[in-house]
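See below for the structure under consideration.
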Protein chains: 4
Amino acid sequence: MRPFDSDADTSVHTKPRTRIQREKEGAILEAALDLFSENGFSGTTLDQIALAAGMSKPNVLYYFPSKEELYSELLNRRVANCFAPLESMNPNGDPIEELRGYIRRKMEISRAYPRESRLYASEMLRGAPMLCDSVRGLMRALIDAKAEIIQGWIDSGHLAPIDPKHLIIAIWATTRQYTNFTAEIRGIATGADSEVFEGGMQTIETLILDGLRPR
Amino acid sequence: MRPFDSDADTSVHTKPRTRIQREKEGAILEAALDLFSENGFSGTTLDQIALAAGMSKPNVLYYFPSKEELYSELLNRRVANCFAPLESMNPNGDPIEELRGYIRRKMEISRAYPRESRLYASEMLRGAPMLCDSVRGLMRALIDAKAEIIQGWIDSGHLAPIDPKHLIIAIWATTRQYTNFTAEIRGIATGADSEVFEGGMQTIETLILDGLRPR
Amino acid sequence: MRPFDSDADTSVHTKPRTRIQREKEGAILEAALDLFSENGFSGTTLDQIALAAGMSKPNVLYYFPSKEELYSELLNRRVANCFAPLESMNPNGDPIEELRGYIRRKMEISRAYPRESRLYASEMLRGAPMLCDSVRGLMRALIDAKAEIIQGWIDSGHLAPIDPKHLIIAIWATTRQYTNFTAEIRGIATGADSEVFEGGMQTIETLILDGLRPR
Amino acid sequence: MRPFDSDADTSVHTKPRTRIQREKEGAILEAALDLFSENGFSGTTLDQIALAAGMSKPNVLYYFPSKEELYSELLNRRVANCFAPLESMNPNGDPIEELRGYIRRKMEISRAYPRESRLYASEMLRGAPMLCDSVRGLMRALIDAKAEIIQGWIDSGHLAPIDPKHLIIAIWATTRQYTNFTAEIRGIATGADSEVFEGGMQTIETLILDGLRPR
DNA sequence: TATGAATGAGAATTCATTCAT
DNA sequence: GATGAATGAATTCTCATTCAT
C-alpha cells in the first residue's frame, strides 16, 4: 500500500552505509520534515531539528552539509517520491472509473503523507525557489503522460471536451485543499476531520465526474 | 472595478491622521505586502522592508510597533477586505449564472490582489497562527450566507444535490490554484499566463457548472 | 515645616520665566524624580518621563538639554536642598536632647522626601559619578560644623568620647536604613510600615543616646 | 577566614561539569559581578561583560541564557552565600562579646566581598525586584534565629531592653555604610580607607555595645 | 513652544556554521 | 562519529537626540 518508505528513499543517497548512519539520517529527515512542513524553511532552526532528532546540532550538520541541503534533500527526494509511484491510470479502463480511482488515490496519498504534501505546497507557494529541475521534469512528464491518456478518452467521446492539463490541475487543487489547507477547512466546515474529508471527496467526485460525463 | 483601495482601507484605521503619515504607512504596508507574501513571515526581515519602503528600520518601527504587528495588520485588515466587498450573489437570479458570476469575480479579485491572496494562503498553510478571530468570524459568516442561498437552489431542484459548503470550498480551491500556485501552473501548462488563466477559468466553469446542472 | 519647595528650588535656575514654563519644568522634575529614584539613571527612559509628565519627549528636552542634565539637576539641586536647611543644632542646648532632636529631624526629612533621599543613596552607591563638587563641599562643610559642636560636648565631658564624624555617619546610616531600604525592612520586620518606623526610631535613640551618655 | 569561595559556590550548581566550563563561567560571573555591582542591572551591558570576561558576547550567552539570568544567578547564589555561612553566635557566650564578634565578622565579610555586598544593597534599594523567594526566606530565618538568641539575653538581664530585630537592622545599616557607601564616607572622613574603616568599627562598637550594656 | 517625524548608535538575542577534541 | 565550545553575521527592538515645522 505504501508506495515508498524512508529506507527506499535514502537508499538513493550515496553516503550512508552503516545501519546507524541510516537510522540517524532517517531521524534527522523525520524531524526536519515535521518542522519544515509546519513552519517553513526560515521558520525552522537547526536547533529545533537537532532537538527533535535527539542529537546535537553539529551532528545534524555532519549528515547534511547545511540547512539548505537538508531542506532540499527533503523537498526533492521525499516529495518527488510522492509523485513517482503514484499514478497508475489504465488507458484501457473505463474513463470515469479511472478518474475516480485517480482522485481517490491522490486524496489518500496526500492524507497518508501530509507533511510531504504540505512541504511541497509551501514550496510552490513561495515560487519554488529550491525545487530542482529533475523534479520539475518528472512532474511535467507525469502530467504530459496523463494528459495524453485523458485526451484519448475525450477524442473517443468518452469524456466531455476539456483541457486535460487543466483537469489535472483542478484535481490537484481540490485534493490539496482538503489535505494542506486543513486550517481553512476547519474554519468553514463543522464536524470531525474524517467526515469532512469524506464529504470533500464526495463533492469532488460529483463535480468532476458529473462535469465530465458527456450529455 | 476595484472593490477597495488602500486609502479606504487605512481609513478604517484609528491612528493615521496627517497626509505624510498615511503615505509612509502606505509605503511600509506596500513593501511589507510584497515581501511577506513572497517570503513569508520568518523569511522577511525588517531590513528588507525598510529598504523597499525607502526608509530606515527604526522609522518602520515608528509606524508599526513590531514586525508581528505589521504582519498582523496586513493579514487581518488588508486580507479581510478581500472578502467583505467581494461576494454579491443574487438568490433570485438564475443559479447557474449566479455561480458563474461568483467564480469569475472570485478569480478576478484574486488576480487583482495576488499578494493579499498569497499572504492569506500562506497563513492558512501554516495553520493560521496569526489570523484574528474577527476575520475568522467574517469568513464563516460569508460562507454560511452563501451556503444557504445555494441550498435554496438545490432544494428547488435547480441544482444537483451537493453539500453547499464543499462546493464553495471547491471553488476557493480551484481559483486559488490559478492565482497563488502560479509557480506550479507554469511548470505544467505552456503558454502565456493570461491564456493559461483563461483556460483555467473555462475548465473550472465546465466542471463545476456542468457538474451541478441537473440531468 | 517644609524646609523647601519646588518653587524655591527652581527659582535658583536661570531659564524659566513664565508661570507655564515653571509648571512644565516642575512636572518634568516631578516625573523624573519618581522614575530616577525608583529605577536609577540607566533604568529610566525619557519616554517614561515624558509620559509621566504628560508631554512629548522633545518637549522634555526643550526644558533640559539632555537626560544627564535632567538627572544632574535633580540630584544636585533637589537633593542638596535636603541638607542645607536641615540641621539646626544648638551648641548651647543639652547635648543628648540636641542629638535626639537631630536624629528625629533627620528621620522626618527622609520620610517626607523619600524619592530625593533614595536618589541620593542610589547615586552614592554607584560611587557618586554625577554628584557635583558644590554639593560635596556643602556636605563636607555641614559635617565639619556639626562635628565641631559635638566635639565641644565631648571635650566638656557631656558625651562619651567618640569620633564625631563617625557618629554622624552612624546616624545617617541608621536613618537611611528605615527610609531607603524599606524593601529590606519589610522582609525582616512584621507590622505596619509606620509602626516599624517608630520602632526603628526608638531603637536608634536607645543605642546612640545611651551609647553616648557618659557612665 | 574566607567562609566560601567561588568553587564551592558554583559546585552547588547543576550545570557545569568540565574544567573549561567552570573556568569560563567563573570568568563571566566575575566580570558581571564587577560591572553589575558598580553600574547596576540597566547600567551594565553584555558587551561590557563579554569584554571584561575576555570572550564574545554570544559566548557569554552560551553559558547564561540571558542577561537577566546572569544577574539573577549572581544575586541569588553568590549573595545568598554571603549570609549562610556567616553568623555563628553562641547563645551561651558572653552577650556583649558575642555581639562584638558578630559586628566584626559582619564588617569583615562585607569588606571581603564588597561587590556581592554592593550588588545586594543596590537590589534592595531598587525594591528587590529580582530577589528570589528562597533568599528572602533564608534571610528571614536567619534574622529570626538571631533575634531569639538576643531576646534570651535581654530576658536574662544581660542586655538592656531593645527590639532584637531592630538591633540587627541597626548593625546591618552601620556595617553597610562602611562597605557599600564608601563614596559617601570618603567625602566626609579624611584619612586612608583602612583607618576610616577601623574608626568606623570602633564607633559602631562603642555605640551599640555601650548602648546595650545595662546600667 | 511644542511635537510629529526620523535616525544612528547601540542593546539583547538568535542562528547557521566552524573548530577542536 | 559525536559533541561541547565558540562566533560572525544578522535580527528585532530601544533610546537619546535631532530636525522641521
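Note that this is a predicted model, so its numbers are computed, not measured. Letters A, B, ... are given to chains in the order of the sequence lines, protein chains preceding strands, and every chain is numbered from 1.
A close approach under 4.0 Å does not occur between any side-chain nitrogen or oxygen of Tyr62(D) and OP1 or OP2 of dA6(F). Distances shorter than 4.0 Å separate some side-chain N or O of Gln21(D) from OP1 or OP2 on dA5(F). Regarding contacts with the backbone of dG4(F), every side-chain N or O of Lys24(D) stays at 4.0 angstrom or more from both OP1 and OP2.
Set against dT17(E), dA2(F), dT13(E), the side chain of Tyr63(A) has dA2(F) as its closest nucleotide. Residue Leu61(B) has its side chain nearest to dC13(F) when only dA6(F), dA5(E), dC13(F) are considered.
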Distance-only criterion, 3.5 Å: show the donor-acceptor pairs between side-chain atoms of residues 127-135 of chain D and protein atoms not counting sequence neighbours.
none

Taking distance alone, no hydrogens or angles, what donor-acceptor pairs closer than 3.5 Å link side-chain atoms of residues 64-71 of chain C to residues at least two apart or in another chain?
| unit_1 | atom_1 | unit_2 | atom_2 | d |
| --- | --- | --- | --- | --- |
| Ser66(C) | OG | Glu68(C) | N | 3.4 |
| Ser66(C) | OG | Glu69(C) | N | 3.1 |
| Lys67(C) | NZ | Phe41(C) | O | 3.0 |
| Lys67(C) | NZ | Thr44(C) | O | 2.8 |
| Tyr71(C) | OH | Glu123(C) | OE1 | 2.6 |

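Evaluation of the side chain to side chain donor-acceptor pair (under 3.5 Å) rule for Asp34(D) yields Arg115(D) as partners, not counting sequence neighbours.
Judged by closest nucleotide on DNA chain E, Ile20(C) is the one of Glu68(D) and Ile20(C) placed further toward the 5' end.
Rounded to whole Å, the distance from CZ on Phe64(B) to P on dC13(F) is 14 Å. Counting to the nearest Å, the C1' atom of dC13(F) and the CD atom of Glu69(B) are 14 Å from each other. Atom-to-atom, CG of Leu51(D) to P of dA11(E) comes out at 12 Å; the value is rounded to the nearest Å. One interatomic measurement links the two molecules: CD of Glu25(A) to C1' of dA2(F), which rounds to 15 Å at whole-angstrom precision.
Looking at Arg78(C) and Glu30(C), a side-chain N of the basic residue comes within less than 4.0 Å of a carboxylate O on the acidic one, giving a salt bridge.
If you check residues 32-48 of chain C against DNA chain F, the residues with a heavy atom closer than 4.0 Å are Thr44(C), Thr45(C), Leu46(C), listed by number. Near-neighbour residues of DNA chain E inside residues 53-60 of chain D, defined by a heavy atom below 4.0 Å, number-ordered: Lys57(D), Pro58(D).
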*Under 3.5 Å for both distances, Watson-Crick or G-U wobble, that's the pair rule; now give the dot-bracket for DNA chain E, with | marking pairs to another strand and [ ] for crossing ones.*
.||||||||||||||||||||
